[in-house]
Amino acid sequence: MGKVVVVTSGKGGVGKTTSTAALGAALALRKEKVVVVDFDVGLRNLDLILGAERRVVYDFINVIQGDAKLSQALIRDKRLETLFLLPASQTRDKESLTADGVERVIAALKKSFDWIICDSPAGIERGATLAMRHADVAIVVTNPEVSSVRDSDRIVGLLDAKTAKAERGERMEKHLLLTRYDPSRAERGDMLKVEDVLEILSIPLLGIIPESTDVLRASNLGTPVTIADSRSAPALAYLDAARRLAGETVPVTVPGEKRGLFGKLLGWRAA
Amino acid sequence: MKIFGFFGGKRASAPTARERLQILLAHERSSLGQSDLVAVLREEIIAVIAKHVQVDREKVNVKMDRDEKVSTLEIDVEIPLQSGARAA
């Protein structure tokens, strides 16, 4: 049975879709079978970040409503043969995403994939709560910035209350993915530091993705950053994060940063 | 403060961000999600009391306070004289 991961944040524009694509590709590079699912009905973008926007025929809603089979809606990545996309509908209204339908589709995906990565829409409404509903693991994407940290805190509360796992009385596994981090600004005292965000949110760290022009470049190209330039700083950070997600113990560092400065981060690992 | 000005820079802003967040989130964590619980408790408490004595809904106050280690639930019910309380 596959593992269901939700990539969520509350706030928009912090890097959920970028992270979903990058982590999905990183796991597929390990030959694991991955499907990335876009939950942002009406504002889909995961197809664009993956460079599959012209290959969308059927979508999530078509499958829920029985207009298409799941196998017809899944799009296989052209570069990685174990990476698939289930696109969101761009034209239907959000109400078409039903709790029942989502449950059925996720259950079917769990049977044939190792990883089901759900890209949540921003906000805390229906789309976001349905994206987290069946998750086994949550990745909370946060920027080192006050409004993002506040929204992440709210999302952590929802993950502990409104998910199927929480309702069964189980503990939801949550990880922090700190994106757009600029070590030099943090060092100068102009940006919240990793330890500040960790202390405030108190969830284990999955990775630190440095602010980088490589991320925009990858999205321009429609290629997940982990395969666009696998030696770039953000790619290395995502590749390490994916290894931690898969259960490996990898010390957390900021790629490209002078050694020593983040020495104290070495002790942190994803729980 | 002068040292910061000396280098032409501004005072570090991250500590302020950190402090504001800590205060705000401490407050939000204790109030959010709890309003539901308090409302539910209040309804059920009124229902239980109403089985035995007549109470004015407005005179039932339920308040929850959350501290770092313990939460306290404060229930204040005003029962009017001659409310028809039955002797057991």
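Order of the sequence lines fixes the chain letters, A, B, ..., with proteins taken first and strands second; residue numbering starts at 1 for each chain.
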Residues, nucleotides or ligands: over 12 heavy atoms within 6.0 Å of A:Glu167 CD: yes
Toward chain B, the part of A:Asp153 with a non-hydrogen atom under 4.5 Å: side chain
Smallest separation among heavy atoms of A:Val146 and B:Ala17, with atom names: CG1-CB, 3.6 Å
CD (B:Glu43) with more than 12 external heavy atoms under 6.0 Å: yes
Atom pair CZ (B:Arg20) and CZ (A:Arg150), whose distance is rounded to the nearest 0.5 Å: 9.5 Å
4.5 Å side-chain heavy-atom contact, A:Leu192 and B:Leu21: yes
Value rounded to 0.5 Å, distance of CD in B:Gln22 from CG in A:Asp196: 8.0 Å
Whether over 12 other heavy atoms sit under 6.0 Å from B:Arg42 CZ: yes
More than 12 heavy atoms from other groups under 6.0 Å of CZ on A:Arg44: yes
Residue of the set A:Glu199, A:Glu195, A:Glu145 for which salt bridge (Lys or Arg N to Asp or Glu O under 4.0 Å) holds with B:Arg18: A:Glu199
For the student: nearest non-hydrogen atoms of A:Gly189 and B:Pro15, plus distance: O-CD, 4.0 Å
